[in-house]
Asker: 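This structure is in structure tokens; I'll ask about it shortly.
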Amino acid sequence: MRDRAKIVIVGGGIVGLSLAYQLAKRGESDILILEKGYLTSGASGRCAGGVRQQFSTEENITLMRENVKLYEGLASELGYNIWFRQGGYLFLASTEKELEQLEKNIKLQRNLGVETRFLEPFEIKKLVPMIITKGILGGSFCKSDGILFPWPVIWGYHERLKELGVDILTFTEVNAFELNEKRIERVKTSRGDVSAEMVVNAAGAWSSQVANLCGLKLPNKPVRHESLVTEPLKPFLEPMIILLKESLYMEQTMRGEVLAGISDPEERITFEMSSSLEFMERLAQKVTKLIPNLRHVNVLRQWAGLYDITPDTRPILGACKIENFIQANGFMGHGFMMAPAITKRLSEWMLFGKHKKFVESYSLKRFEKGELEREAWIVG
Amino acid sequence: MAKKIICLCEDITLDEIEDAIRKGYKDIESLKRYTGFSTGACQGKTCISMVLRTLAFKTGKKPEELFTTTLRQPIQPIPLETLAGEEDEG
């Protein structure tokens, strides 16, 4: 293993890889990525791959508008098929309160140039004929939202990064940081030590553990979310469906499987990624109620992954009390969605000092000030 | 030469497995996610041992050193209606 790198990135998930790619694209490829497992072993190999612009804050809508554009071009940029399919996202409201939020969001999204529109129940039926619309008051639909397949995105970045001269070490754990005053001098890993000018914490749900190694406290907590897939079916479901009442999502992947998840009634704060029968039962009840035609479809497998949750539902980026330790975590289960645009800005901040205001607004400091804006639509 | 199919559900050939190993995907979990083997209807029941044998041969390791992929529930495919059970709520 090499003994120095200009930039060491801890975490080989979508955030770490995409940041390395943005840096390398701008001429800085003296980068070493350290991943404690295999690539795709964390949340980036477990997520559903949804990419949507339908959010509730101006900040997230604007950011996601840019991310959709970036994902539209990523396959040709990487020279790798990322299976991005823009079948839209369909949010379903079952209560007056949800309807109100939906209408408010549609207005905001449209004002920001996102083409979301309101659908009456009969229009929902036209879009997805198999849905039982009983109890559904309306929906919001945005056609340019979509889904991608997370695995090939990771492999595409991986292959491209190798060509760009970025080093990636898998099965390599960070054990300690050697500090000199307020700077990290060396990163001690399970394969040896490496000195670095900058260290990035892109360890997702494990970021607080990594930060702890140098005495930095992050407010992030790991929350377990579960998913399952069924056997493949011929295409029948264009959009990703979000049933707000149950915090349920379901999509048909490009492989034909139905992939679905639903929030746990209890928030499970844990690093454990085990699966539960309760989840499968609860999800099966809700899915077969919404689309009874799926009742004979077989479930093939279930798994779990971790959301990296912050107190105000916003990622944590940029500087902290340790001068050369950069945060890129707290992505709320939206790492895949948000990585391209965020890491693009973060890379330009790291290399050229651009986007100061943007990066600062996401910095750890905001938790001291107490002005927090929350995203209302966190699903799954 | 005829194609040798290792993963019958997902149509993955021996060539594709060997190519992925050459590219550096030398642990069973990333090999699974790079090629897609074992992710179909049988969930690896027919292919994992053959992939492990290939990986062992190519890396010079013993199959038991390479472990296997995490086994995901359910062991057999289960229809959604069976999991849903009786309707017990409005």
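Numbered from 1 within each chain, the chains take letters A, B, ... in sequence-line order.
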Asker: If I measure from the heavy atoms of chain B, does A:Arg255 come under 4.5 Å with its side chain, its backbone, both, or neither?
Answerer: side chain
Asker: Which atoms of B:Gln73 come close to chain A, meaning under 4.5 Å heavy atom to heavy atom: side chain ones, backbone ones, both, or neither?
Answerer: both
Asker: Checking heavy atoms, do the side chain of A:Glu281, its backbone, both or neither come under 4.5 Å from chain B?
Answerer: both
Asker: Would A:Arg282 and A:Glu278 pass as an ion pair if we require N to O under 4.0 Å?
Answerer: no
Asker: Given that the side chain runs from C-beta out, which part of A:Val299 has a heavy atom under 4.5 Å from chain B: side chain, backbone, both or neither?
Answerer: both
Asker: Which one wins on heavy-atom pair count under 4.5 Å against chain B: A:Ser275, A:Pro150, A:Ser41?
Answerer: A:Ser275
Asker: Taking the side chain from A:Glu246 and the backbone from A:Val287, do they hold a donor-acceptor pair closer than 3.5 Å?
Answerer: no
Asker: Under a 4.0 Å N-O cut-off, is there an ion pair linking A:Glu163 with A:Arg160?
Answerer: yes
Asker: Count the heavy-atom pairs under 4.5 Å between each of B:Thr39, B:Thr82, B:Thr70 and chain A, then report the option with the highest count.
Answerer: B:Thr39
Asker: Side chains of A:Thr172 and A:Arg191: do they bring a donor and an acceptor to under 3.5 Å?
Answerer: yes
Asker: If the threshold is 4.0 Å, N to carboxylate O, is there a salt bridge linking A:Glu159 and B:Lys23?
Answerer: no
Asker: What option among A:Val229, A:Leu283, A:Val297 has the most heavy-atom pairs under 4.5 Å with chain B?
Answerer: A:Val297
Asker: For B:Lys61, look at atom NZ and say whether over 12 heavy atoms of other residues, nucleotides or ligands are found less than 6.0 Å away.
Answerer: no
Asker: Please classify the contact between A:Thr40 and chain B as side chain, backbone, both or neither, with a heavy-atom cut-off of under 4.5 Å.
Answerer: both
